[in-house]
Number of protein chains: 2
Amino acid sequence: MTDQKIPRATAKRLPIYYRYLNILLDADKTRVSSTELSDAVKVDSATIRRDFSYFGALGKRGYGYDVESLVKFFKKILNQDRLTNVGLIGVGNLGHALLNFNFHQDGNVRISAAFDVNEELANTIHSGVPIYPMTDLRKQLEEQQIQVAILTVPADVAQEVTDDAVAGGVKGILNFTPLRITVPKDVRVQNVDLTNELQTLIYFLEHYNHKD
Amino acid sequence: MTDQKIPRATAKRLPIYYRYLNILLDADKTRVSSTELSDAVKVDSATIRRDFSYFGALGKRGYGYDVESLVKFFKKILNQDRLTNVGLIGVGNLGHALLNFNFHQDGNVRISAAFDVNEELANTIHSGVPIYPMTDLRKQLEEQQIQVAILTVPADVAQEVTDDAVAGGVKGILNFTPLRITVPKDVRVQNVDLTNELQTLIYFLEHYNHKD
DNA sequence: TGATAATTGTGAAAAATATTTGCAAATTCT
DNA sequence: AGAATTTGCAAATATTTTTCACAATTATCA
């Protein structure tokens with residue numbers, strides 16, 4: 001919104017930087033150069049400087065970057081400074097695992113509500129997260145002002161559930177279904193298609209014998 | 001190996017094409033044109049033809065593509081025609097879910113062995129998959145000729161486990177740990193960093209108000 | 001203090017990747 | 001046979017990402 005468009009490639013590296021910077025912070029390092037970072041995260045130092053530069057001048061020439069302020073900066077950029085509540089839609093196999101999955105290693109993302117069609121699951125609490133019936137999806141999302149949803153429902157209901165979630169105010173969806181859901185253009189979808197990932201992996205395996 | 005390098009963007013679209021072609025097949029459609037496909041999968045028809053052309057001349061001018069042979073062809077390309085055995089390393093939350101996860105909707109991928117350090121888990125069977133102690137990792141991978149592994153271990157042991165798996169002959173790793181593991185260049189790693197995906201999603205959410 | 005070394009930030013070039021155009025060639029359809 | 005389709009593909013274009021290269025700035029040390 002405020003800042004200009006950051007390249008997708010850069011955005012994807014931000015969490016990687018952030019993670020390593022935190023390690024440095026824990027190790028009480030006060031400064032770090034792009035070259036040092038480069039070694040650790042396996043990204044060319046020029047690329048790192050370029051990436052950082054999209055956010056302005058974060059470093060000091062002849063010195064490098066101050067670890068603490070860099071962490072603080074990225075914490076803000078990556079919304080790690082406040083809790084983001086996330087809804088989990090579909091408590092099957094995968095959904096269940098994600099309930100237990102420790103998303104908030106660095107303490108910013110929390111699944112605060114889950115939904116399932118299964119009446120028996122509904123109104124119980126799993127891993128500290130209340131599970132609501134699917135019929136309450138929209139209402140609960142609205143009430144709890146949840147803007148991010150993880151979609152782990154069967155493919156055949158993916159679209160209708162999505163529509164419902166969007167109606168409930170969701171603006172970002174982490175989509176684990178193999179379906180390419182359709183959403184209004186102000187809603188962002190990030191697809192995580194595990195089957196697809198495996199297939200692509202196997203494809204490359206069979207057809208090339210090298211990394212890239 | 002045999003075929004030349006296919007662009008990553010193309011490779012990622014293959015499963016999408018494949019999925020839709022199967023739908024056509026089920027609906028007893030015998031032919032399809034790139035234009036028709038285009039509508040369905042939301043990819044420009046020229047791009048589709050370009051994509052297909054990497055694999056040779058699959059269609060007939062003036063006619064289009066024969067659905068059945070196309071499906072057959074992609075089935076082979078995507079290794080859907082034979083079972084790929086996969087090892088699951090680390091039966092924690094996520095690992096457990098993946099054991100149950102129906103990877104082989106179209107019947108080609110099967111987790112045939114799982115591994116965990118937990119002595120109590122080892123030597124039991126979960127969801128029909130035998131769980132071996134981590135100490136047997138290399139041996140079992142070798143014996144069962146497993147070339148693909150799903151890595152769902154804690155980050156702090158990710159690298160050593162990887163080394164072990166690679167020693168056991170693994171050529172492809174679906175890496176769920178947040179660590180960027182180091183492997184020989186003939187081993188391919190596909191990273192699935194859920195925390196990262198969520199963070200990136202949230203980042204885009206906060207910073208742009210449009211899809212792309 | 002002044003010289004030397006380190007390091008950023010960034011314009012511009014280069015490289016990599018991906019899409020689109022345009023059309024000859026082949027095929028079908030009537 | 002002639003019109004209408006539709007592929008396959010070379011080449012052009014567009015987009016995205018990385019890298020180069022160096023002035024500007026700051027730190028460090030003799």
Item checked: Per-nucleotide protein contact string for nucleotides 14-22 of chain D (B base, S sugar-phosphate only, - none; heavy atom under 4.0 Å) -> ---SSB-B-
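- A heavy-atom distance below 4.5 Å is not found between the side chains of B:E197 and B:L201.
- Proximity of B:Q199 to A:Q80: side-chain heavy atoms (C-beta onward) are separated by under 4.5 Å at one or more points.
- Side-chain contact check for B:S53 and B:R50: at least one donor-acceptor pair (N or O, by modelled atom type) lies under 3.5 Å.
- Distance CD1 (A:I48) to P (C:dT10): 16 Å, rounded to an integer number of Å.
- Qualifying side-chain contact (heavy atoms from CB on, under 4.5 Å) partners for B:S33, counting only residues two or more places apart in sequence or in other chains: B:T35, B:E36.
- The side-chain heavy atoms of B:F115 and B:R138, taken from C-beta on, include no pair separated by under 4.5 Å.
- The closest side-chain heavy-atom distance from B:T195 to A:P15 is not below 4.5 Å.
- Between B:F52 atom CZ and D:dC9 atom P the separation is 14 Å, expressed in whole Å.
- A sub-4.0 Å separation between OP1 or OP2 of D:dT7 and a side-chain N or O of B:S34 is present.
- For the residue pair A:Y20 and A:A40, the shortest heavy atom distance occurs at CZ-CB, 3.1 Å.
- In this structure, the ring of A:F74 has its center no less than 6.0 angstrom from the ring center of B:Y203.
- Rounded to whole angstrom, the span from the CG atom of B:L58 across to the C1' atom of D:dT7 amounts to 10 Å.
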Check: Could you run down nucleotides 23-30 of chain D 5' to 3' and tag each one B, S or - for protein heavy-atom contact under 4.0 Å?
Finding: BBBBSS--
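- If you measure from atom CG of B:D39 to atom C1' of D:dT6, you get 15 Å, rounded to the nearest angstrom.
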